[in-house]
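Read the numbers this way: they start at 1 and go in the same order the structure lists the ligands and their atoms.
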Amino acid sequence: MDRFINNYDGKEFDLIVIGGGITGASIAYEAASRGLDVALVEKSDFGSATSAATSKMIHGGLRYLSTFEYALVRESLKERRVLMNIAPNFVHPAPFVFSSYKKDKVSFNLMKIGMYLYEAFSFDKNWIWDKSKSMPSFKSLNAEQILNLFPDALSENLVGGQLYYDCSSHSPERFTLSFIKSAVKYGASVANYTEVNDFIVENISKKKKIVKGVKVTDKISGIKKDIKGKLVINCTGPWADIMLDKVKNKGNHNEDLRRSEGIHFIIDKNIGDTTYSGYSKSGRHFFLHPYRNHTLVGTTDKEFIGKPKDFKVTKEAIEGLIKEVNSAYGNKEKIKYNDILYCYGGLRPLVEDQTEESYKSSRKYEITGEKKNGIEGLITVEGGKYTTSRMLAEKAINKVIRILKYPKKKSISETTQLFGCEIKNYKKFIEEKTQEYNKYEPHQIEYLIRCYGTEIDSIMKLAENNSNLNQKLNADGELLAEVQFAIKNEMAITLSDIIFRRMGIGLLGHPGNEIINKITTLAAKELSWDKEKTKQEISIVEKKFEIPK
Ligand SMILES: Cc1cc2nc3c(=O)[nH]c(=O)nc-3n(C[C@H](O)[C@H](O)[C@H](O)COP(=O)(O)OP(=O)(O)OC[C@H]3O[C@@H](n4cnc5c(N)ncnc54)[C@H](O)[C@@H]3O)c2cc1C
């Protein structure tokens, strides 16, 4: 993949996408695969903001049943199935347990009724291409069965729980990248580290202006450029209102988008294959999600007041989450602050403002043209879930095609596997590759397939041809070859891009200085960093590993 901005010649695109999170990436792919000439610009790295802050689930959202958001749940469950088909290495069925205690705000019986509804809404869950990934129906468990699965669950007042299947998303970071790569495959022009500072606007009258493109800064070269487009789509997630204000209010920010913050942390604990979820003593929903032999603990949902750039995970937020979880889980062992290996968080843009509590706010999305405000040539997309992004993209591009008066063209994204995900039978693919690369441990090959899908062959080729690149870096079996692959093929530009997004090596906490040094030495050589630049890159990465004190 090449950064188009390096050689941009001033041509007019059909569509310019601002933001390279999952929304922008899906929209760029949808547009390119329907024949539009599209450019995508991202101010940081692809998928580095909210899209890297998820709970790693591709799910219907059981809890949205309690707010009667049946349409959202149904759409999410349908999309879960679609994503299983088009991205079999990223989306995996996984067992979940929702426990019920006496005096929980939703009783065992009500939860069971909820499960019947959830099942009904996912009636098509096994209409999947790869039957090896079929999901069984839910099952109610009694207290003893719950304790057999989770010996550390509190036994007092435990009534039982529901065992059901949803999907986990192995690597939301690489999943977003796969949408970007798919867009590029169909001709999209993409560039990370390219920030939109303003819009190119033609003022027609006092009440009417037309957006004709965007003014950007290439943050790598420092060069400013104007990119022309017939239509611009604002996919900046929690920054959506700030971006809009550039054209609506001459840069004066009104802070009209509500945002809620959510955090997670990773602990070195293996709770088995099943995700545990339940209500804390204060009635908050929490979960313990198995992730690469560790546990991902989440999440919070609290109104965030301030600018998105100022958001960070705080000690108070972590302590709050620990308190909630410890109030309802952990017989012998409670979570301690020192157990935390890594933490991350993000901001959810919320599109409705009637609900006071952000936790109860909808996760629906909106696609709005700005014509009613006298601004043509601009569409904004706000809200949504990672799970529903493909569908959002399909609807957004229907609107784009209508506005541009282009001939209708059927979407292929529901029926075409993403770039690198072209796998018919996942189990068989694993077996074949495990045999082909039998010098490596099977779990390592499976891990690499989850990350790279069919691109595993490119990684293995690099590794097998160069003993330095063949070095195994962690228990999952990540290889130094991935660093070179990320730089040469995946537009990785910073050390953070490599450690936290192209690879998964940073996502379980600090992998140790020796590993960081190996990765940095190779990256510095490939990207021609001098000593000073190398030091800077390491210091940014080290900061990201810090647990707030
Ligand atoms: C804590 C938490 C947990 C979640 N868990 C789940 C889950 O398990 N499953 C699920 O389905 N959903 C989940 N979600 C929701 C999901 O993460 C979001 O719906 C999704 O990531 C939104 O993607 P996006 O592309 O709209 O936003 P983002 O990923 O934030 O992308 C917006 C991009 O715009 C870029 N940008 C901003 N300003 C500019 C500019 N001036 N120029 C260029 N680029 C710019 C930003 O850098 C950013 O990369 C969760 C959300 C949170 C916060």
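- When heavy-atom distances to ligand 1 are checked against a 4.0 Å cut-off, Ser51 comes that close through both its backbone and its side chain.
- Contacts of Trp239 with ligand 1, taken as heavy-atom pairs under 4.0 Å, involve the side chain alone.
- Note: no N/O pair closer than 3.5 Å links Ser44 and ligand 1 by distance alone.
- Residue contact annotation: Glu382 has no non-hydrogen atom under 4.0 Å from ligand 1.
- Only the side chain of Thr299 comes within contact range of ligand 1, with a heavy atom under 4.0 Å; no backbone atom does.
- Of the heavy atoms in Ile242, none comes closer than 4.0 Å to ligand 1.
- Annotation: side-chain hydrogen bond (donor to acceptor under 3.5 Å, both in side chains) contacts of Asp2 (sequence neighbours excluded): none.
- Here Pro172 has no heavy atoms under 4.0 Å from ligand 1, in either its backbone or its side chain.
- At a 4.0 Å heavy-atom cut-off, ligand 1 touches Met243 through the side chain alone.
- Thr236 CG2, 3.7 Å is the protein heavy atom nearest to atom 36 (N) of ligand 1.
- Under a 4.0 Å criterion applied to the non-hydrogen atoms of Thr194, ligand 1 contributes the atoms 43 (C).
- A cation-pi arrangement is found for Lys133 relative to Tyr426, the charged atom lying closer than 6.0 Å to the ring centre and inside a 45° cone about the ring normal.
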